[in-house]
Amino acid sequence: VFGKDITLILILNNLSFDHKTVKVDISASTILYTRRAVAEILQATTSVDLGSKQGKHIRLKIPYTYYGKYLTTDKRIQVTALCEVLNTHGIKLLVEKTIILEDTNIIIKIPRRVVVNKAVTLEISYANPLPEPVNSCVLLVTLMNQQVKIHLAGLAPRERSRIYFEFTPRRTGPLQLQVDFSCDKFSHVKGFVTIAVAPA
């Protein structure tokens, strides 16, 4: 989840009866959805001794402080591990994993029944998932082809807050509400719901 430390486990298995030593070069970078690297955030090298038919786990932790300021709106991190079996004829294995961090920031609550030409109040809650405060918070609400920009107070670390938004639907059928939350530390965290508007 965006804002939390990331923990990964690389599992190495020796399928032969011979003892093996494996050198592992690990790197992690923030990337765009096109897979183009933005910034390298971690580089580490370790070696693992594997006995006959033995398996071992390598635990890798990427703290939020490593990736936070380098993450793009795509919220993607690519981790690669190049595993080289030593004292052999250059046997190498490349393992890649792309992590897409989830947002759990926006929660939109709507009444059970929404009726045309009758005012309705929605609850929109938003959060700061980071271990640090955020400021310059803005909520952009898009509904019925109109946008409303709401400036909000800053949020403490891990704080959740809410606002109430009132509108009157002018037609029956499905209405899509989209919410976009931005602040000085991250931007364009989105949430949306489809509201079924019933006849009066």
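Numbering of residues begins at 1 and proceeds along the displayed sequence.
- A 4.5 Å side-chain heavy-atom check between Cys137 and Asp184 finds every atom pair outside the cut-off.
- Under a cut-off of 6.0 angstrom, the local environment of CZ in Arg158 is crowded, with over 12 non-hydrogen atoms contributed by other residues, nucleotides or ligands.
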Which side-chain N or O atoms in residues 141-157 pair as donor and acceptor under 3.5 Å with protein atoms at least two apart or in another chain?
residue, atom, partner, partner atom, Å
Thr142, OG1, Gln147, NE2, 3.3

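- To the nearest 0.5 Å, the span separating CD1 on Ile163 from OG1 on Thr121 amounts to 11.5 Å.
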Would you give me the side-chain donor-acceptor pairs under 3.5 Å for residues 188-200, sequence neighbours excluded?
residue, atom, partner, partner atom, Å
His188, ND1, Asp180, OD1, 3.4
His188, ND1, Asp180, OD2, 3.2
Lys190, NZ, Asp180, OD2, 2.6

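- To the nearest 0.5 angstrom, Glu84 atom CD is 12.5 Å from Leu94 atom CG.
- Linking ILVMFWY side-chain heavy atoms closer than 4.5 Å, directly or via other members, places Leu140 and Ile108 in two distinct hydrophobic clusters.
- Lys92 contributes no side-chain N or O that, together with a main-chain N or O of Cys83, makes up a donor-acceptor pair within less than 3.5 Å.
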Going by atom type alone, with no hydrogens or angles, which donor-acceptor pairs under 3.5 Å involve a side-chain atom of residues 40-48 and a protein atom two or more places apart or on another chain?
residue, atom, partner, partner atom, Å
Thr45, OG1, Asp25, OD1, 2.7

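- Looking only at distances, no side-chain donor or acceptor of Asn128 sits under 3.5 Å from a matching main-chain atom of Glu159.
- When hydrophobic clusters are built by joining Ile, Leu, Val, Met, Phe, Trp and Tyr residues whose side-chain heavy atoms come closer than 4.5 Å, directly or via intermediates, Val116 is grouped together with Leu177.
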With side-chain contact (heavy atoms from CB on, under 4.5 Å) as the criterion, how do Ile62 and Val79 come out once you've worked through the C-alpha distance, each side chain's angles and the decisive distance to 0.1 Å? CA-CA 10 Å; Ile62 307 174; Val79 182; 4.1 Å; yes
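- Taking every heavy atom of both residues into account, Asn135 and Cys183 meet most closely at O-CB, 3.4 Å.
- A distance of 15.0 Å separates OG in Ser29 from OH in Tyr67, rounded to the nearest 0.5 Å.
- No donor-acceptor pair closer than 3.5 Å links the side chain of Asn13 to the backbone N or O of Leu15.
- By the 4.5 Å side-chain criterion applied to Ile, Leu, Val, Met, Phe, Trp and Tyr, Ile31 is assigned to no cluster and stands alone.
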Does the side-chain contact (heavy atoms from CB on, under 4.5 Å) test come out yes or no for Leu50 and His19, once each step is laid out? CA-CA 6 Å; Leu50 295 171; His19 174 271; over 6 Å; no
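- With sequence neighbours left out, Phe165 forms a ring pair (Phe, Tyr, Trp, His ring centres under 6.0 Å) with no residue at all.
- Residue Lys97 qualifies as open at atom NZ: its count of foreign heavy atoms under 6.0 Å is 12 or below.
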Kindly determine whether Glu96 and Thr98 satisfy side-chain contact (heavy atoms from CB on, under 4.5 Å), including the steps that lead there. CA-CA 7 Å; Glu96 284 189 335; Thr98 299; over 6 Å; no
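- Ile26 and Ile6 end up in the same hydrophobic cluster when Ile, Leu, Val, Met, Phe, Trp and Tyr side chains are linked at under 4.5 Å.
- Leu82 and Leu8 fall into different hydrophobic clusters, where Ile, Leu, Val, Met, Phe, Trp and Tyr are joined by side-chain heavy atoms under 4.5 Å apart, directly or via other members.
- Closest approach of Pro111 and Leu122 over heavy atoms only: CD-CD2, 4.0 Å.
- Taking OG1 of Thr30 as the reference point, atom CD1 of Ile77 lies at 7.0 Å (rounded to 0.5 Å).
- Considering OH of Tyr126 and CZ of Arg160, their distance stands at 10.5 Å, rounded to 0.5 Å.
- The number of heavy-atom neighbours closer than 6.0 Å to NZ of Lys56, taken from other residues, nucleotides and ligands shown, is above 12.
- Cluster annotation: Val115 is not connected to Leu175 through the hydrophobic network of ILVMFWY side chains, with a link wherever side-chain heavy atoms come within less than 4.5 Å.
- A pairwise comparison of heavy atoms in Phe186 and Ala127 identifies CZ-O, 4.2 Å as the closest pair.
- Distance CZ/Arg76 to CG/Leu71: 11.0 Å, rounded to 0.5 Å.
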Could you walk me through whether Ile124 and Phe181 pass side-chain contact (heavy atoms from CB on, under 4.5 Å), step by step? CA-CA 11 Å; Ile124 301 171; Phe181 178 61; over 6 Å; no
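- Partners of Asp5 by side chain to side chain contact (heavy atoms under 4.5 Å, CB included), not counting sequence neighbours, listed by chain and number: Lys61, Pro63, Tyr64.
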